[in-house]
Amino acid sequence: MMRTSTVVLVHGAFLDASGWWPIVLRLLDGGHRVLVPPVIGRSFLGDCDYIRTFVERVDGEVLLVGHGYGAAVVTVAGEATNVTGLLFIAGYALDQGESIAEMRDRFAPDEASGHLVPALFPGDAGTRRTELTVAPDQFARLLAQGLPSDESGVLAVSQRPIAASVFTERASGVGWRAKPSWGVVATEDRLVSPQLQRFGYRRAGCRAVMELDAPHLVTQSHAAEIVQLIGGILEEIAAHG
């Protein structure tokens with residue numbers, strides 16, 4: 001019997017797990033096993049540790065998929081022994097010891113960086129830390145071009161903030177060095193540079209890279225294409241590893 005992996009989807013910054021719904025719906029309809037854990041966004045390494053622990057609790061093999069910031073998380077969490085492959089979608093495929101900020105600063109500033117709204121939130125021992133969201137009136141233009149206005153409007157006012165400090169924490173591991181990987185470039189991405197995406201995927205030695213004429217929320221605008229890609233990856237892993 002051909003073995004099949006559970007697909008674990010890891011969301012990115014300014015979103016929550018529900019943002020995967022168009023892909024989850026199609027994967028479930030196709031009979032795939034799918035899990036979509038939350039990412040808190042207060043500590044990069046904390047998110048990596050949580051996702052790795054979550055993955056290690058899964059019975060059997062896992063295809064680990066990360067979008068945006070979630071791609072950086074799965075880079076590290078992908079070292080879990082039951083992970084059979086990594087799929088990076090419009091995100092950061094980091095190297096060992098590299099931070100998101102360092103990788104991002106290799107390239108021209110993304111358009112969204114000028115529209116991030118800072119706010120303070122309580123930290124440890126009475127300290128105050130900074131979290132970021134995208135200006136709601138710019139969200140559709142910067143992340144969700146082409147999506148229905150009612151959908152992008154809901155996403156804009158229900159953002160999950162991310163701590164500014166996560167961008168300077170360094171990757172403590174690199175799953176793609178020992179696991180096969182694949183990538184999706186969103187060519188119209190205004191949050192994560194398409195050039196950055198291509199660079200990271202090339203450096204990670206991705207077996208294949210799909211380019212889609214899509215915004216950062218390619219997971220919603222091009223869900224069918226991504227599900228087809230996931231299906232092909234699962235077949236390749238099952239047949240060859």
Side-chain angles (χ1 to χ4, degrees), residues 1-39 51 54-71 73-74 77-78 80 82-91 140 143-156 158-160 179-189 197 201 206-241:
M1 179 180 296
M2 183 176 290
R3 74 187 195 274
T4 58
S5 300
T6 297
V7 181
V8 175
L9 305 170
V10 181
H11 67 83
F14 316 122
L15 305 165
D16 60 27
S18 67
W20 285 106
W21 75 264
I23 288 177
V24 173
L25 185 65
R26 289 169 170 84
L27 288 173
L28 291 176
D29 283 348
H32 297 288
R33 297 193 302 271
V34 187
L35 293 170
V36 194
V39 173
I51 295 300
F54 182 94
V55 164
E56 289 174 337
R57 294 200 302 262
V58 175
D59 182 16
E61 299 176 341
V62 168
L63 172 63
L64 194 51
V65 182
H67 173 234
Y69 168 69
V73 173
V74 307
N82 60 329
V83 169
T84 55
L86 303 171
L87 172 58
F88 305 111
I89 300 177
L143 275 72
Q145 312 99 290
L147 291 186
S149 59
D150 54 352
E151 291 183 20
S152 62
V154 170
L155 293 169
S158 59
Q159 295 179 57
R160 178 184 286 276
K179 313 291 175 70
S181 61
W182 293 260
V184 174
V185 175
T187 63
E188 300 303 313
D189 199 329
Q197 297 172 39
Y201 305 160
C206 286
R207 292 187 178 185
V209 175
M210 173 185 287
E211 296 218 1
L212 294 171
D213 183 12
H216 185 67
L217 291 185
V218 59
T219 48
Q220 298 199 20
S221 66
H222 290 68
E225 292 90 335
I226 290 175
V227 168
Q228 184 176 16
L229 174 62
I230 290 173
I233 291 171
L234 291 173
E235 290 178 0
E236 183 174 343
I237 290 173
H240 307 292

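- Smallest separation of non-hydrogen atoms from Ser181 and Phe88: CB-CE1, 3.8 Å.
- Side chain of Gln145 to main chain of Asp189: no donor-acceptor pair is present (N/O by atom type, distance under 3.5 Å, no hydrogens or angles).
- Side-chain atoms of Gln159 come within 3.5 Å of backbone atoms of Ala156 as a donor-acceptor pair (strictly under, hydrogens ignored).
- Between Phe14 and Leu143 the shortest heavy-atom distance is CD1-CD2, 4.4 Å.
- Of all heavy-atom pairs between Thr187 and Glu211, the closest is CG2-OE1, 3.4 Å.
- Across all their heavy atoms, Leu86 and Val74 have their closest contact at CD2-O, 3.7 Å.
- A distance-only check finds no donor-acceptor pair linking the side chain of Arg33 to the backbone of Val62 [under 3.5 Å].
- Contacts of Leu35 classified as side-chain contact (heavy atoms from CB on, under 4.5 Å), with partners at least two apart in sequence or in another chain: Thr6, Val8, Phe54, Val58.
- At a threshold of 4.5 Å between non-hydrogen side-chain atoms, the residues Leu212 and Glu188 do not count as touching.
- Residues passing the side-chain contact (heavy atoms from CB on, under 4.5 Å) test with Ala80, sequence neighbours excluded: Arg52, Val55, Glu56, Asn82, Val83.
- Note: Ile23 CD1 to Leu25 CG = 11.0 Å, rounded to the nearest 0.5 Å.
- Residue Ser152 comes nearest to Ala144 through the heavy atom pair CB-CB, 3.9 Å, listed as atom of the first residue, atom of the second, then distance.
- With rounding to the nearest 0.5 angstrom, the CG atom of Leu63 is 11.5 Å from the NZ atom of Lys179.
- Residues Ser221 and Leu217 form no side-chain contact, since every pair of their non-hydrogen atoms from C-beta on lies 4.5 Å or further apart.
- Between Val10 and Val65, the closest side-chain pair of non-hydrogen atoms is not below 4.5 Å.
- No side-chain heavy atom of Val209 sits under 4.5 Å from any side-chain heavy atom of Trp182.
- Remark: Ala17 pairs with His11, Val36 by the side-chain contact (heavy atoms from CB on, under 4.5 Å) rule, at least two apart or across chains.
- Screening residues 12-32 for side-chain hydrogen bond (donor to acceptor under 3.5 Å, both in side chains) gives Asp16-Ser18 as the qualifying pairs, with residues at least two apart or on separate chains.
- The ring-ring contact (aromatic ring centres under 6.0 Å, His included) analysis of residues 215-234, with sequence neighbours excluded, yields the pairs His67-His216.
- A distance of 10.0 Å separates OG1 in Thr84 from CD1 in Ile233, rounded to the nearest 0.5 Å.
- Looking at residues two or more places apart in sequence or on another chain, you find no side-chain contact (heavy atoms from CB on, under 4.5 Å) involving Gln228.
- Closest of all the heavy-atom pairs between Thr219 and Gly19 is OG1-O, 4.5 Å.
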Evaluate side chain to side chain contact (heavy atoms under 4.5 Å, CB included) for Leu64 paired with Leu87, printing each intermediate quantity in order.
CA-CA 6 Å; Leu64 194 51; Leu87 172 58; over 6 Å; no

